[in-house]
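Lettering follows sequence order; numbering is per chain, from 1. Only this structure's heavy atoms are used, side chains among them; waters, hydrogens and symmetry mates stay out.
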2 protein chains.
Amino acid sequence: MSSPRHITLKELAAELGVSTASVSNAFNRPDQLSPKLRERILSEARRLGYRGPDAKARSLRTGRSRIIAVVLAETLTYSLNDAVASELLSGIAEVLDAHGHTLLLLSGRQDASRVPGSSSIADGFIVYGLMPSLVLLDELQGTGRQPLVAVDFDLEGQPTVHVDDEPACYAIARHALTTPPRRPAVINLRLTEQPCNGRIGDDQALLSAERTITRARLAGFQRAFAEVGIDPAAVPMWNIEENTFEVCAPVIEAILDAPADERPDLLLCMSDRIALTALTLAEQRGLRVPEDLRITGFDGIAEGQYRAPRLTTVRQDSVEKGRIAARMILGLSPREDRLLSTKLIVGDTCP
Amino acid sequence: MSSPRHITLKELAAELGVSTASVSNAFNRPDQLSPKLRERILSEARRLGYRGPDAKARSLRTGRSRIIAVVLAETLTYSLNDAVASELLSGIAEVLDAHGHTLLLLSGRQDASRVPGSSSIADGFIVYGLMPSLVLLDELQGTGRQPLVAVDFDLEGQPTVHVDDEPACYAIARHALTTPPRRPAVINLRLTEQPCNGRIGDDQALLSAERTITRARLAGFQRAFAEVGIDPAAVPMWNIEENTFEVCAPVIEAILDAPADERPDLLLCMSDRIALTALTLAEQRGLRVPEDLRITGFDGIAEGQYRAPRLTTVRQDSVEKGRIAARMILGLSPREDRLLSTKLIVGDTCP
DNA sequence: GGACGGTTCTGTATCGATTTAGTTAGCCTA
DNA sequence: TAGGCTAACTAAATCGATACAGAACCGTCC
C-alpha cells in the first residue's frame with residue numbers, strides 16, 4: 001500500500017484554495033468560519049487522510065501540549081508495581097482524562113539532565129516523593145515556566161499535597177499500645193541517610209526531618225511510646241529501602257526467626273506492603289496473628305482489606321491525593337498546600 | 001523573585017555574538033565546534049538560566065519527540081491498578097528508560113478523536129488489548145507515520161506480541177482434570193459481546209474469535225474437557241467484565257452460595273484476580289481449598305504466589321512482553337509477530 | 001446612495017529550534 | 001607563494017501549525 005504521503009494543513013489549504021487560517025479554524029474554532037466552508041474543509045481532510053493539526057507544531061505555536069508530567073522518585077518499574085503510587089497515578093489520570101490532558105511518566109532516577117530537557121514539553125509537573133537527586137528538583141523549579149506540585153514531601157516555594165503523617169502514626173500507635181506490648185518494634189521505610197535493609201544501629205544517620213515523611217511517621221510512633229511510658233530510644237527499629245515483598249522478606253524473616261523471647265510481639269510498620277509481608281511470613285511460621293504477634297500497617301491498600309485477617313492500618317486516600325494534585329496543576333483549584341486527613345482502620349491484625 | 005524571563009537559544013546566541021547553529025551544536029553535537037567555544041556557550045547558558053533546547057520546538061523540527069505512547073484498552077485508572085497491565089508497563093518503561101525515551105499513557109476509552117490528535121506527538125504506539133472503539137484503531141493505523149505494535153490482540157498488518165493462550169489453558173485444564181471434578185465450571189473474563197457479569201446463558205453472543213484472546217483461552221479449556229470425555233457445552237460458564245475484586249466478588253458469591261450439591265468443585269478462572277477473589281471468598285465461607293474447591297488462575301501475578309495457599313496458575317511474563325514490544329517500537333528488534341510461551345505453576349489451590 | 005456594522009475569510013509573522021550548504025581561517029605541502 | 005584541505009563557524013530555509021490585523025463582502029438603515 002503506497003502510503004499517500006503525509007499531508008499538512010498547508011497542503012490541504014492549497015488543495016482547497018483557501019487560507020491556512022481557515023483550515024486551522026475549521027479544526028479549532030468552528031465559530032470563526034461559515035458552517036459550509038467548515039464542512040467542505042473537514043470532508044476534504046477526510047478524503048485526503050489529513051488527521052488534524054500536528055500536535056508537535058501546535059504545541060510549539062500555542063505553548064501548550066496538554067501533557068502533564070508525573071515525576072516519580074523511584075524507577076517506573078518500581079512505581080508501577082507499588083499500590084500506593086498506582087493509586088496516586090489513578091487519581092491523577094482520572095482528572096487529566098476528564099480535562100483532555102494526557103499523562104507523561106518520568107522517573108527521578110533517570111539521568112537528571114534528561115528530565116527537564118526532554119520534558120520541557122509538559123505543561124506542568126507533579127512530583128511524587130523526594131527525588132534522589134536534588135539537582136533535578138532545582139532544575140524543575142528553575143524552569144519556573146511550568147507549574148509544579150509536590151506530593152508527599154515539602155518543596156520550598158511550591159504547593160504540596162500530603163497527609164497528616166505524624167498524627168496518623170500517633171493514632172495507630174496509641175491504638176496498638178492500649179494493649180501493652182512486651183516487645184514492640186518499628187519497621188521503617190527509607191528512613192536512613194544511607195540505604196540500609198536491616199536493623200538500624202546507633203551509627204546510622206537518619207534523613208533530615210524536613211525532607212521526608214518518614215521522619216514524621218516515626219515521630220508519631222515515638223510520641224505515642226513516650227506517652228505510655230516506653231522509652232522510644234529503647235524500641236528496636238529496622239529499615240527497609242524498597243517497598244517490595246522481595247526486599248522486605250529477608251529483613252522480616254530475620255526478625256521473626258529470632259528466639260521466641262527476643263521476637264517482637266508488636267510490629268509497627270510504615271507501609272501495608274511491609275505489614276502484609278510480615279503477616280504472610282508469620283503465618284508461614286505458624287505464628288498466630290494477633291495472639292502471638294500484632295501487626296499494623298500504613299496506607300490502607302486494597303490487598304490488606306480483602307484478605308483474612310484484615311490488616312489494622314491507617315487509610316490514606318492516595319487516589320484523592322492524585323486528584324487534588326492534578327486539579328492544582330491544571331489550575332482548577334488554587335495552588336496551595338493541602339493536608340489530607342487519614343483514617344484509622346482497626347482490622348484483625350491488631351484489634 | 002523576578003523570573004528572569006524565558007530565554008531562547010536565539011537570544012543566547014545573540015548575547016554571545018555567535019550563530020544559533022553553534023549554540024545548537026554546543027548542545028547536540030560537541031564534535032561540530034571547538035571545545036573552547038562550546039564551553040563558553042555552556043557556561044553562558046548556565047549563567048542566564050537557559051535549560052537547553054526547547055523540547056516542543058526540537059520535536060517539531062526533528063520530527064521525533066522521544067515519547068512513546070501506550071494506548072490501554074481500559075481506563076487508566078483501571079489499568080494502573082491491574083497487576084498484569086502494570087507489569088506490561090514496567091517492561092515497557094524499563095526499555096524506554098534505558099534508551100532515553102519517555103512514556104505517554106493514553107486510554108482507548110477516552111474520546112476517540114483525541115487520541116490520535118493529541119498524540120501525533122508520540123514517535124510510536126504500543127496498543128494493549130482490544131480497543132472498544134475500532135475507529136480509534138483505524139485512526140492509529142491510518143496515520144501510518146508512526147510505528148505501532150499490538151499486545152494481546154491481533155491487528156491486521158501490524159506486529160503483535162502475545163502468549164500461547166490456547167495451549168496454556170489446555171495445559172492447566174488437563175492438569176486440573178487429572179483429578180476428575182464432579183462439577184467443573186469456567187469463569188471467563190470479557191467473553192461476551194455485550195457486557196455481562198454473571199452466568200452466561202445460551203442467548204448470549206460471544207466475541208468473535210479473531211478479535212480476542214479470551215476465545216483462545218476458552219478453546220484451550222474446552223479442548224481439555226473434550227479430551228477427558230466431558231461435554232464442553234455442559235460445563236457452566238460465568239462471565240466477568242472487569243478484572244477487579246469489586247466486580248468479581250458478587251458473581252463469585254453467587255456461585256459459592258449455591259446449595260452444596262450444585263456448587264462447583266473446580267473453578268477454571270481466566271485471571272489470577274478472579275481466582276484470588278474466589279479463593280478469598282471461599283476461605284471466608286469456610287470452604288477448604290483444595291479439598292472442597294479447587295481453583296486455577298491465569299497470569300501468575302505476584303500476589304497469588306506470595307500467599308498461602310499458593311495459586312495454581314499459568315505464568316505469563318508480562319514484563320517481558322512489555323520489553324519486547326518496546327524494543328520493537330524503538331526499532332531495536334525486528335517488527336514481527338512474537339509468541340511468548342507460558343509456564344504451568346502447580347500451586348496449592350489445585351495440586 | 002453612502003456610511004456602518006457584522007461576518008467571513010486571508011496574508012503573514014511567529015513559536016524555538018535543527019540542518020544543509022557555504023564561508024572563512026588556518027595550516028600544510030610542493 | 002599559491003593551491004589544497006580541514007576545521008570552525010555562520011546564514012538562512014525549514015518543520016507545521018496559530019493568531020493577529022486587516023480586506024472583502026453583504027445586508028441594513030437613514
Side-chain angles (χ1 to χ4, degrees), chain A residues 5-42 44-45 48-66 116-123 143 145-146, chain B residues 5-42 44-45 48-66 116-123 143 145-146:
Chain A
R5 211 177 76 59
H6 175 231
I7 231 185
T8 70
L9 182 146
K10 194 168 163 187
E11 290 164 340
L12 176 56
E15 195 73 32
L16 283 156
V18 301
S19 76
T20 61
S22 290
V23 178
S24 175
N25 285 334
F27 284 96
N28 301 314
R29 318 167 158 195
D31 58 309
Q32 294 293 303
L33 74 178
S34 65
K36 187 158 161 289
L37 178 57
R38 179 169 136 94
E39 195 35 62
R40 193 158 73 89
I41 291 174
L42 293 182
E44 182 73 359
L48 296 180
Y50 178 72
R51 311 262 152 197
D54 178 85
K56 300 196 240 290
R58 177 207 289 247
S59 72
L60 170 59
R61 180 61 238 238
T62 63
R64 287 172 310 100
S65 58
R66 303 185 83 78
S118 90
S119 56
S120 47
I121 208 159
D123 291 345
T143 73
R145 242 179 332 152
Q146 296 116 332
Chain B
R5 211 178 73 59
H6 175 229
I7 230 185
T8 69
L9 183 145
K10 195 168 162 185
E11 291 165 338
L12 177 56
E15 194 72 32
L16 282 156
V18 302
S19 76
T20 61
S22 290
V23 178
S24 175
N25 285 332
F27 283 95
N28 301 314
R29 319 168 158 193
D31 57 311
Q32 295 293 304
L33 39 51
S34 65
K36 190 159 160 287
L37 177 58
R38 178 169 138 94
E39 194 36 62
R40 192 158 75 90
I41 292 174
L42 294 182
E44 183 72 358
L48 296 179
Y50 178 72
R51 310 263 153 197
D54 178 84
K56 298 196 241 288
R58 177 207 289 251
S59 72
L60 169 59
R61 180 60 237 241
T62 62
R64 288 174 309 101
S65 58
R66 303 185 83 77
S118 91
S119 57
S120 48
I121 207 162
D123 290 346
T143 73
R145 238 175 342 145
Q146 296 115 333

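- Judged by distance alone, with hydrogens and angles left aside, B/R58 brings no side-chain donor or acceptor close enough to the base of C/dT18 to form a pair under 3.5 Å.
- Here the closest non-hydrogen pair linking A/L33 and A/S22 is CD1-O, 3.6 Å.
- Between A/Q32 atom CD and D/dA24 atom P the separation is 19 Å, expressed in whole Å.
- Closest approach of B/L42 to B/A26, counting heavy atoms only: CD2-O, 4.3 Å.
- Rounded to 10°, the angle separating the first-five-pair axis and the last-five-pair axis of the helix from C/dG1-D/dC30 to C/dA30-D/dT1 equals 60°.
- The two residues A/A122 and B/K56 come nearest to each other via the heavy atoms O-NZ, 4.3 Å.
- With DNA chain D read from its 5' end, the first of the two nearest nucleotides for B/L33 and B/L60 is the one closest to B/L33.
- One can place NE2 of B/H6 at 11 Å from C1' of C/dC15, the figure rounded to the nearest angstrom.
- If B/S34 and B/A57 are placed on DNA chain D by their nearest nucleotide, the residue sitting closer to the 5' end is B/S34.
- The nearest whole Å value for the distance from the CG atom in A/L12 to the P atom in D/dG16 is 14 Å.
- For the salt bridge (charged side-chain N to carboxylate O under 4.0 Å, His left out) condition, no pair includes a residue of residues 13-38 of chain A, sequence neighbours left out.
- D/dA17 atom P lies 15 Å from atom CZ of B/R61, rounded to whole Å.
- Nearest heavy atoms, B/R64 versus B/D123: CA-OD1, 3.4 Å.
- Contacts of residues 19-26 of chain B with DNA chain C (heavy atom under 4.0 Å): B/T20, B/A21, B/S24.
- Here C/dG16 presents its P atom at 16 Å from CZ of B/R51, a figure rounded to the nearest Å.
- Here A/R29 does not reach the OP1 or OP2 of D/dT18: none of its side-chain N or O atoms lies under 4.0 Å away.
- For the pair A/N28 CG and D/dA19 P, the computed distance is 7 Å after rounding to whole Å.
- Within the nucleic acid shown, B/F27 has no heavy atom closer than 4.0 Å to any nucleic acid atom.
- Side-chain contact between B/S120 and B/Q146 is present, with heavy atoms from C-beta onward closer than 4.5 Å.
- A distance of 7.5 Å separates CG of B/L48 from CG of B/L16, quoted to the nearest 0.5 Å.
- Side-chain nitrogen and oxygen atoms of A/Y50 include at least one within less than 4.0 Å of the OP1 or OP2 phosphate oxygen of D/dA17.
- Distance alone, capped at 3.5 Å, is enough to place a donor-acceptor pair between the A/E11 side chain and the A/T8 backbone.
- The NZ atom of A/K10 sits 13 Å away from the P atom of C/dA13 (whole-angstrom rounding).
- When all heavy atoms of A/F27 and A/A45 are compared, the pair lying nearest together is CZ-CB, 4.0 Å.
- Note: CD1 (B/I7) to P (C/dA17) measures 10 Å, nearest angstrom.
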